[in-house]
Amino acid sequence: AGAALGVVWALDSLRTGGTVLAAASVVAVALVVWMTAGAWSAQFRARESRRLADEHRASLVEPISRHLETQLGRPLRKVLRRRAGVTAAATELNLALAELERRLGE
């Protein structure tokens, strides 16, 4: 708006025989303000986008991890405990069989 006003003012100054310097300075200041505001706005949007993405990610991670723990983690740990117990029992049985075969072979 300031740049457009400066252009109109410059054209009016030229038409009435005035100087364009004042109007050009208004246009220049308006463009600098516009570019600065645009840069700040872009940085603000980028920061807010990252913040919102982080919040959204955090709001999803907790329920998903809780659901995975409930649905997969606990049952899987039970299966692994049973498997470890069975493996230990099988190892003890193999040791006992080896000892029995050794004694029978004597």
Side-chain angles (χ1 to χ4, degrees):
L5 179 63
V7 170
V8 170
W9 187 15
L11 291 174
D12 188 51
S13 291
L14 287 175
R15 188 180 55 80
T16 60
T19 66
V20 182
L21 185 59
S25 64
V26 168
V27 170
V29 168
L31 288 175
V32 168
V33 168
W34 178 67
M35 290 171 61
T36 304
W40 178 84
S41 174
Q43 288 177 354
F44 177 77
R45 283 192 310 269
R47 265 193 321 270
E48 282 300 300
S49 293
R50 280 192 301 273
R51 184 185 65 78
L52 289 173
D54 290 344
E55 285 179 6
H56 183 67
R57 188 177 307 112
S59 70
L60 290 176
V61 166
E62 179 62 30
I64 289 173
S65 65
R66 198 172 334 126
H67 182 71
L68 287 174
E69 169 64 21
T70 303
Q71 298 300 315
L72 294 174
R74 290 177 190 160
L76 185 59
R77 278 195 298 277
K78 287 179 185 176
V79 168
L80 291 174
R81 277 189 207 110
R82 285 186 195 140
R83 182 174 180 215
V86 168
T87 302
T91 302
E92 287 182 30
L93 180 60
N94 283 336
L95 290 173
L97 283 174
E99 178 64 22
L100 183 60
E101 287 176 354
R102 187 186 66 76
R103 287 186 182 183
L104 288 175
E106 290 180 353

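Keep in mind that the numbers below use all heavy atoms, side chains included, and drop hydrogens, waters and symmetry copies.
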(message) With a 4.0 Å cut-off on N to O distance, would you call E48 and R45 a salt bridge?
(response) no
(message) Any salt bridge linking D54 with R51? Criterion: basic side-chain nitrogen under 4.0 Å from a carboxylate oxygen.
(response) no
(message) So, taking the atom named CG in L104 and the one named CD in E101, what distance separates them when rounded to the nearest 0.5 Å?
(response) 8.0 Å
(request) Answer yes or no: is there a donor N or O on one side and an acceptor on the other, between the side chain of S41 and the main chain of A37, under 3.5 Å? (result) no
(request) State the CG-CD distance between L76 and Q71, to the nearest 0.5 angstrom. (result) 13.0 Å
(message) Between L68 and V79, is there shared hydrophobic-cluster membership here, with clusters defined by ILVMFWY side-chain heavy atoms closer than 4.5 Å?
(response) no
(request) Start with the C-alpha gap between E99 and R102, add the side-chain angles, then the distance that decides, and say whether salt bridge (Lys or Arg N to Asp or Glu O under 4.0 Å) holds. (result) CA-CA 5 Å; E99 178 64 22; R102 187 186 66 76; 2.5 Å; yes
(message) To the nearest 0.5 Å, what is the distance between CZ on R77 and CG on L72?
(response) 10.5 Å
(message) In this structure, would L95 and L100 fall into the same cluster of hydrophobic residues linked by side-chain contacts under 4.5 Å?
(response) no
(message) Counting only heavy atoms from other residues, nucleotides and ligands, does the tally under 6.0 Å from CZ of R103 exceed 12?
(response) no
